[in-house]
Amino acid sequence: MFERTLPIGSVVSLYGAEKRLMVLGYLKYLRGDDRKVYDYCGCTFPEGYLDSESTAVFNHEDIEHIYALGFQDKVQFEFQNRLLQILEEREEEKKKSEQKPEQE
């Protein structure tokens, strides 16, 4: 069911990680990382947000286990649909930029 995006507040564990993370946001990047965009940013659980230096970025495929889903309602579902559109558009743009021009 949750193959692409999790609601804010969801609690997950990542492969090889010791601490659980709570999802805080989407489509984040690290400065100095060639602006690579990650699916999520999160904070440790149960500690919560401490400061910007204590947040983690990760991709959906890095998630090993989902412990809890964040709050969901009509507004969240509408946001999730828009977020999925944005992600699909980004993937299409990436594929186009990776394609080599056809040789004559």
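We number each residue from 1, following the sequence as shown.
L83 and V12 fall within a single hydrophobic cluster, where Ile, Leu, Val, Met, Phe, Trp and Tyr side chains are chained together by heavy-atom contacts under 4.5 Å. Linking ILVMFWY side-chain heavy atoms closer than 4.5 Å, directly or via other members, places L21 and L27 in a single hydrophobic cluster. Under a hydrophobic-cluster definition in which Ile, Leu, Val, Met, Phe, Trp and Tyr are linked whenever side-chain heavy atoms come within less than 4.5 Å, directly or via other members, V37 and I86 are assigned to the same cluster.
Counting all heavy atoms, side chain and backbone alike, T55 lies closest to L24 at CG2-CD1, 4.1 Å. Of all heavy-atom pairs spanning L69 and Q72, the tightest one is CD1-NE2, 3.9 Å. For the pair F71 and P7, the tightest heavy-atom approach, listed with the atom from each and the gap, is O-CB, 3.8 Å. Nearest heavy-atom pair, E64 versus L14, reported as atom, atom and distance to 0.1 Å: OE1-O, 3.8 Å. Closest non-hydrogen pair, S10 versus G70, comes out as OG-N, 2.9 Å.
N59 is listed as a side-chain neighbour of K36, based on a closest heavy-atom distance under 4.5 Å. Side-chain contact check for Q76 versus D73: some heavy-atom pair is nearer than 4.5 Å. With a 4.5 Å cut-off on side-chain heavy atoms, L6 and I63 count as touching. By the 4.5 Å heavy-atom criterion applied to side chains, T5 and D39 are not counted as neighbours.
The aromatic ring centroids of Y15 and F58 lie 6.0 Å or more from each other.
Qualifying side chain to side chain donor-acceptor pair (under 3.5 Å) partners for Q85, counting only residues two or more places apart in sequence or in other chains: R82.
In this structure, the separation between SG on C43 and CZ on R20 is 13.5 Å, given to the nearest 0.5 Å. Once rounded to the nearest 0.5 Å, the distance linking CG of D51 with OH of Y49 reads 6.0 Å.
At distances below 3.5 Å, not a single donor-acceptor pair connects side-chain atoms of Y40 with backbone N or O atoms of I8.
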